[in-house]
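First up is the structure itself, then whatever we jot down about it.
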Amino acid sequence: MYKFENPVFVTSPIFPPIEKFNERIKMIWDSKWLSNNGKQCQEFERKLTEYFGTKNISIFNNGTIALMSLVKMLDLKGEVITTPFTFAATPNCLTWNNITPVFCDILPDTMCIDPDKVEALITPNTTAILAVHVFGNPCAVEKLETIATKHNLKLIFDGAHAFGMKIGDKPIYEFGDGTMYSFHPTKLFHSAEGGAVITKTEKLKQDLDLWKNFGIANEIEVKLPGLNGKMNELQAAMGILVLDEVNKEREQRSKLQRKYKEKLTNVPGVSFYIPEANVTQSLQYFVIRIHEKEFGKSRDQVYDELKKFNIFARKYFFPLCSSYPYYKDLPSSQLENLPVANEVVKETLSLPFFGRLTEADVENICDVIKYLKTNNA
Ligand SMILES: *Cc1c(COP(=O)(O)O)cnc(C)c1O
């Protein structure tokens, strides 16, 4: 069986041509300006405005600070209904705002929050729903909007995996009051570290701009107890150049997804979810599920054995947030409330998925998975 010569990880960041980065570095050196909304940051925000097709975008030093700030500027309090099947940053952003996360079970196919289970969790203390487009699978956005409107709740999205995603002609950020994007290097689009919030209203964008700069409005006025969430010039320079590479990256990932799909369809015990045809995908991850009974091995066994072929898959998002020591005693964290999430988290395996991978690499990975079905590594 084919073994990769070097370790293959689930992702590997886009690196723009170094000459172009050197040119940008020279611009920064000449400007004598490193942070506080310099030329690179201004250009980056302008380019993102064009790319996304909205002016209501505020860039940040990372996605976590961006999401914390969004929660704060919407003045959310009390309880916020969210998903346990996400990265730690999602509920932690609530905790930092003295909000209790209320975990809601997920849908078995998209693995996003189950809208039909949200309403039962609403109490007089609920102020919002924080949903996650996990793995770049779109949430049931329309149903969530209907629930939020009906109960007068804010609706926000962790779109860390949703760069460039659309439903039909509608960019994903048009749903809800605000969407956070992460520009961490593990994400399809990155600025070394970075993030952004796209807001429904211009007012909210302005509040976020103020908040991320300590709440300082001008030399004589500090309006809010803000924090330092500013992006710097080096990050912005990277972001500008990575933006030029994103479409190429996406084209390659699209080919790799097709190859995975072709090779893994009809492998008993292996399933995967690909968004419907009207969705412009972000192509953030390629995630399979190993169903132990049909496959003959558990996800954990497959994960361990893949390493012997130098394939380093990831068990995203294990453990569930509801299992963290500081959340596990919440009423909403109890196993009987989250049956689907507790099942899914034992099955998911994120496979290598990045533009420098070839279709032949993907064939090899799939051949190893099929080999492991009937053999031990
Ligand atoms: C990466 C990620 C974040 C955090 O973004 P950073 O830019 O790394 O702070 C938040 N939520 C999810 C779902 C993520 O995957």
Side-chain angles (χ1 to χ4, degrees), residues 9-14 44 48 57-72 80-97 99 101 103-104 106-107 110-113 128-139 156-165 172-173 176 178-198 208 211-212 227-232 234-236 238-239 242-243 281-287 314-322 324 327 341 344-345 348-350 353-354:
F9 300 105
V10 286
T11 193
S12 178
I14 295 176
F44 186 38
L48 287 175
I57 180 163
S58 181
I59 56 174
F60 281 81
N61 51 1
N62 64 59
T64 304
I65 297 285
L67 185 56
M68 270 170 61
S69 301
L70 174 63
V71 169
K72 183 75 183 172
V80 169
I81 297 168
T82 190
T83 168
F85 191 62
T86 181
F87 185 58
T90 316
N92 288 358
C93 286
L94 300 174
T95 300
W96 268 90
N97 279 291
I99 292 166
F103 295 111
C104 177
I106 59 174
L107 290 165
T110 63
M111 298 170 274
C112 297
I113 197 165
I129 302 165
L130 165 53
V132 181
H133 302 296
V134 74
F135 305 140
N137 299 339
C139 293
I156 58 176
F157 291 96
D158 177 334
H161 305 167
F163 188 84
M165 208 158 90
I172 202 74
Y173 62 75
T179 296
M180 175 276 274
Y181 292 88
S182 164
F183 305 156
H184 185 269
T186 52
K187 310 301 197 279
L188 175 111
F189 171 75
H190 74 87
S191 56
E193 287 261 10
V197 177
I198 297 185
L208 288 165
W211 181 258
K212 75 181 174 199
L227 43 67
N228 183 357
K230 299 187 305 299
M231 180 174 273
N232 69 49
L234 293 158
Q235 289 172 290
M238 184 63 131
V242 172
L243 195 58
Q281 296 185 58
S282 67
L283 298 162
Q284 172 62 53
Y285 288 113
F286 189 82
V287 177
R314 293 294 299 267
K315 303 178 196 177
Y316 294 141
F317 281 101
F318 176 87
L320 290 179
C321 301
S322 48
Y324 297 172
Y327 292 138
V344 164
V345 77
T348 44
L349 198 59
S350 197
F353 194 53
F354 53 88

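Keep in mind that this is a model prediction, so the values were computed, not measured. Start at 1 and go down the list; that is how both ligands and their atoms are numbered.
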May I ask you to identify the nearest protein heavy atom to [atom], giving residue, atom name and distance to one decimal place in Å?
atom: atom 15 (O) of ligand 1; value: His161 NE2, 2.7 Å
atom: atom 5 (O) of ligand 1; value: Ser182 OG, 3.2 Å
atom: atom 2 (C) of ligand 1; value: Lys187 NZ, 3.0 Å
atom: atom 11 (N) of ligand 1; value: Asp158 OD2, 2.7 Å
atom: atom 3 (C) of ligand 1; value: Phe87 CD2, 3.7 Å

Step-by-step ring-ring contact (aromatic ring centres under 6.0 Å, His included) determination, Phe135 to Phe353:
CA-CA 12 Å; Phe135 305 140; Phe353 194 53; over 10 Å; no

Report yes if [X] has an N/O atom closer than 3.5 Å to an N/O atom of ligand 1; otherwise report no.
X: Thr86; value: no
X: His184; value: no
X: Gly63; value: yes

Donor-acceptor check, side chain of Thr82 to backbone of Leu130, threshold 3.5 angstrom: yes or no?
yes

May I ask you to decide if Ile99's main-chain N or O and Asn97's side chain share a donor-acceptor pair within less than 3.5 Å?
no

Using a heavy-atom cut-off of under 4.0 Å, does the side chain or the backbone of Thr64 touch ligand 1, or both, or neither?
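The answer is both.
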
I need the contact type for Glu193 against ligand 1. Using non-hydrogen atoms and a strict under-4.0 Å cut-off, is it side chain, backbone, both or neither?
neither

Would you say the side chain of [Y] lies within less than 4.5 Å of the side chain of [X], judging by non-hydrogen atoms?
X: Phe157; Y: Ile129; value: no
X: Met180; Y: Thr64; value: no
X: Lys230; Y: Asn61; value: no
X: Ile113; Y: Val132; value: no
X: Tyr327; Y: Thr95; value: yes

Quick check on contacts: which atoms of ligand 1 are under 4.0 angstrom from a heavy atom of [X]?
X: Ala89; value: 4 (C), 10 (C)
X: Met180; value: 10 (C)
X: Asn62; value: 7 (O), 9 (O)

Looking at ligand 1, is there an atom of it that comes within less than 4.0 Å of some heavy atom belonging to Gly194?
yes

Identified ring-ring contact (aromatic ring centres under 6.0 Å, His included) partner of His161 from the options Tyr316, Tyr181, Phe317:
Phe317

